[in-house]
Trainee: 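Have a look at this one.
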Amino acid sequence: MSETAEVLFARYGPRYRIYVTVVAMLGTIATILTTTSVNVAIIDIMGTFGIGQDRAQWLSTGNLAGVTVGMLLSAWLVENFGQRKTFIVALFVFIGSLMLAALAPNDTTLIVARIVQGVITGIMQTLAMATLFTVFPPGQRGTAMGFFSINVILGPVLGPILGGILIEHFNWRYVFYVSIPFSVLGILLGTLVMPEREPTDKGSRFDWTGFVLLCVATATLLTALSSGQHEGWKSDYVLRLAICSVVSLAAFVWWELRIDQPLVYLRVLGSREFAAATTVSWVFGFGMFGTTYLIPLFVQSIQKFSALEAGLLLTPGALMLAVLMPLGGYLSDRVEARTLILIGLFGFAVSTWLQEMVDANTSFWTIAIAAAVGRGAQSMINPPLNVTALRALSPEMVRQGAGMINFSRQLGGAFGVNLLSVLLDQRTAVYASALTSAQNTMTGATADLLHGVERLLAQGGASPQLQSQGALHFLGRVIHEQAYTMAFRDSFFAVTVVFVLAMIPAWMIGRGDKRDLVRRGR
């Protein structure tokens with residue numbers, strides 16, 4: 001007999017809801033831990049494989065793009081294979097990808113493993129929410145989502161800290177081992193409590209054409225953007241990728257508007273208010289994931305923080321998010337959504353503006369507080385944005401709208417990491433060239449620096465030729481560090497500008513909320 005939710009309720013009684021919630025949380029926290037802990041390992045991975053950050057950013061970009069793919073696949077997998085099979089097989093694949101990442105002989109293998117991990121993360125997050133909606137009655141689903149939100153909070157808090165501890169005492173490869181026990185336990189318990197597919201359920205068709213077109217469009221565009229700096233923006237390779245992306249995207253839009261069961265229901269963008277909310281959601285993902293990538297990279301490469309210190313730096317922000325997220329949800333039912341979203345966007349812009357002023361001497365707590373301001377602002381954006389966006393749609397369009405909001409946020413995150421990495425490389429090259437041309441090795445401060453370094457090398461017994469070469473090498477490192485710092489500032493400033501501009505579409509969100517609240521007597 002198929003172990004459906006009804007059969008499992010009969011076997012375990014009311015406690016079954018607790019059991020399945022714990023198991024669903026095990027699956028999602030395993031994937032989220034790996035997603036957040038890798039950010040503090042980027043510097044060490046770059047050193048191991050001898051790659052630049054333009055290549056290393058794919059560890060985050062590829063993962064976030066994979067999450068988007070997983071979210072699109074999840075509903076079809078559950079409908080055709082059931083929650084139990086999907087859950088167990090996904091965790092088996094996830095364990096395989098963790099082992100592949102931990103033993104990766106080169107950066108390409110590691111990036112592929114990270115993309116697979118992202119796909120499983122997207123599947124798990126959507127599957128867990130669907131499972132809790134299945135086993136909890138409507139009146140208790142809010143509580144169930146509260147439990148589910150613990151994963152979203154615990155991941156950013158524990159991931160960077162655990163990653164930092166493992167890197168400090170072992171190496172970056174152990175970051176991928178930390179999620180294996182959670183995954184194995186999830187598989188064992190999932191065979192007992194995850195519901196199977198109803199025998200009467202009919203599998204649904206999947207829009208494979210739209211899926212392939214979207215994957216091709218996204219992959220080629222991200223690759224073109226990340227390759228432009230070293231291949232040349234007008235090179236045949238980059239231009240071919242850009243053309244392929246544009247053609248694939250145009251074909252995707254045409255196809256999705258043509259079929260009855262599209263992969264991404266683009267027609268919901270016909271609502272001006274929902275389209276504005278989708279834009280803000282994209283910007284939200286852009287800034288949230290982009291800064292989560294930039295901050296650990298900055299403090300480890302410029303300030304020489306350890307991986308553990310970089311992880312601890314992000315903890316105050318995650319804790320602030322945990323404290324203020326319930327408040328954001330509470331206020332979203334009582335305050336005009338547009339007001340809360342504008343406050344949140346402004347707060348995030350202030351956060352990145354404060355980070356735009358960092359340098360090698362900025363204190364730990366200054367950066368931590370600036371980052372925490374952004375996470376606090378995040379709690380004011382997400383709840384009212386989701387609620388108001390879906391209110392703008394008819395009831396039969398809510399499910400498609402929820403998918404679109406999540407899709408746009410994750411896609412914004414992938415492009416946020418990618419575009420900010422491109423900007424970081426470009427501005428570093430520009431500043432390095434400008435600073436180099438401004439140096440005068442014969443007189444002034446530059447000459448004094450070179451002579452000082454040569455004297456130190458002479459005291460160490462270096463030959464005259466080595467003294468000269470060593471001094472010039474040191475000068476080159478100083479120039480690069482300064483150029484890199486200034487490029488980081490530009491990157492944070494770019495996020496500030498994006499969030500300020502996002503206030504324009506945010507102004508169109510929730511205009512009718514105040515009238516609705518009055519009619520309901522609130």
Side-chain angles (χ1 to χ4, degrees), residues 23-46 48-49 56-71 74 87-104 107 109-128 148 150-187 190 288-289 292-293 295-297 307-308 310-311 314-315 318 410 413-414 417:
V23 174
M25 289 174 64
L26 277 172
T28 51
I29 200 170
T31 57
I32 293 174
L33 275 177
T34 303
T35 299
T36 56
S37 60
V38 170
N39 285 331
V40 299
I42 296 293
I43 293 294
D44 292 79
I45 294 172
M46 289 168 61
T48 298
F49 296 123
Q57 57 93 12
W58 274 104
L59 297 171
S60 182
T61 300
N63 185 265
L64 291 168
V67 172
T68 305
V69 171
M71 286 181 167
S74 185
F87 184 84
I88 292 173
V89 172
L91 283 181
F92 267 118
V93 174
F94 186 67
I95 291 173
S97 69
L98 291 173
M99 296 298 296
L100 181 63
L103 302 173
D107 58 298
T109 304
L110 182 57
I111 290 170
V112 170
R114 288 289 292 157
I115 293 173
V116 174
Q117 290 165 20
V119 172
I120 303 302
T121 300
I123 292 173
M124 278 294 164
Q125 289 186 15
T126 309
L127 185 149
F148 178 77
I150 294 175
N151 295 286
V152 181
I153 295 168
L154 284 179
V157 172
L158 297 179
I161 296 175
L162 288 175
I165 292 172
L166 291 170
I167 294 169
E168 188 138 314
H169 294 284
F170 301 98
N171 61 58
W172 63 264
R173 295 182 184 273
Y174 284 81
V175 167
F176 297 102
Y177 292 128
V178 73
S179 292
I180 292 180
F182 293 99
S183 302
V184 171
L185 187 59
I187 289 172
M288 180 178 65
F289 291 107
T292 302
Y293 173 80
I295 293 171
L297 185 64
L308 178 57
L314 300 175
T315 303
Q410 292 295 331
V417 174

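Hydrogens, waters and symmetry mates are skipped; everything else that's a heavy atom, side chains included, is used. All residue numbers refer to positions in the sequence shown, counting from 1. Only a predicted model underlies this, so the values are computations on that prediction, with no experimental measurement involved.
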Trainee: What distance do Ile115 atom CD1 and Leu64 atom CG have between them, rounded to the nearest 0.5 Å?
Mentor: 11.0 Å
Trainee: Would you confirm whether Arg114, through its side chain, and Leu59, through its main-chain N or O, come within 3.5 Å as a donor-acceptor pair?
Mentor: yes
Trainee: If every non-hydrogen atom of Met46 is compared with every non-hydrogen atom of Ala56, which pair is closest and at what distance?
Mentor: CG-CB, 3.5 Å
Trainee: Short question: side chain of Thr61, backbone of Trp58 - any donor-acceptor pair under 3.5 Å?
Mentor: no
Trainee: With side chains defined as the heavy atoms from C-beta onward, is the minimum distance between Ile95 and Ile187 less than 4.5 Å?
Mentor: yes
Trainee: Hey, is the main chain of Gly70 close enough, under 3.5 Å, to the side chain of Ser74 for a donor-acceptor pair?
Mentor: no
Trainee: Locate the shortest heavy-atom distance separating Phe289 from Val417; write the atom from each residue and the value.
Mentor: O-CG2, 3.7 Å
Trainee: List the atom pairs, with distances to 0.1 Å, where a side-chain N or O of residues 159-169 and a protein N or O form a donor-acceptor pair under 3.5 Å, not counting sequence neighbours.
Mentor:
{"unit_1": "Glu168", "atom_1": "OE1", "unit_2": "Ser306", "atom_2": "OG", "d": "3.3"}

Trainee: To check you understand the geometry: which heavy-atom pair defines the closest contact between Ala101 and Trp172, and what is its length?
Mentor: O-CZ3, 3.9 Å
Trainee: So do the side chains of Met124 and Phe94 get within less than 4.5 Å of each other, counting heavy atoms only?
Mentor: no
Trainee: With no hydrogens and no angle check, is any side-chain donor or acceptor of Thr126 less than 3.5 Å from a backbone partner on Ile123?
Mentor: no
Trainee: State, to 0.1 Å, how close Ser60 and Tyr293 come at their nearest heavy-atom pair, and which atoms those are.
Mentor: CB-CD1, 4.0 Å
Trainee: Is there a side-chain contact between Gln57 and Leu297 in this structure, where contact means two heavy atoms from C-beta onward sitting under 4.5 Å apart?
Mentor: no
Trainee: Does atom OH of Tyr177 have more than 12 heavy-atom neighbours, drawn from other residues, nucleotides or ligands, at distances under 6.0 Å?
Mentor: yes
Trainee: What pair of heavy atoms forms the shortest contact from Thr28 to Ala128, and how long is it?
Mentor: CG2-CB, 3.5 Å
Trainee: Hey, could you give me the OG1/CD1 distance between Thr34 and Ile29, rounded to the nearest 0.5 Å?
Mentor: 10.5 Å
Trainee: Does the side chain to side chain contact (heavy atoms under 4.5 Å, CB included) test come out yes or no for Val38 and Val175, once each step is laid out?
Mentor: CA-CA 7 Å; Val38 170; Val175 167; 4.2 Å; yes
Trainee: Measure the CD-CG distance between Gln117 and Leu98 for me, rounded to the nearest 0.5 Å.
Mentor: 5.0 Å
Trainee: Would you indicate whether the side-chain heavy atoms of Leu110 and Phe176 approach each other to under 4.5 Å?
Mentor: yes
Trainee: Considering only heavy atoms from C-beta outward, does the side chain of Ile42 approach that of Pro296 to under 4.5 Å?
Mentor: no
Trainee: Give the minimum heavy-atom separation between Ser179 and Leu33, together with the two atoms involved.
Mentor: OG-CB, 3.8 Å
Trainee: Quick check: do Asp44 and Asn171 have side-chain heavy atoms less than 4.5 Å from each other?
Mentor: no
Trainee: To the nearest 0.5 Å, how far apart are CG in Leu100 and OG1 in Thr109?
Mentor: 6.0 Å
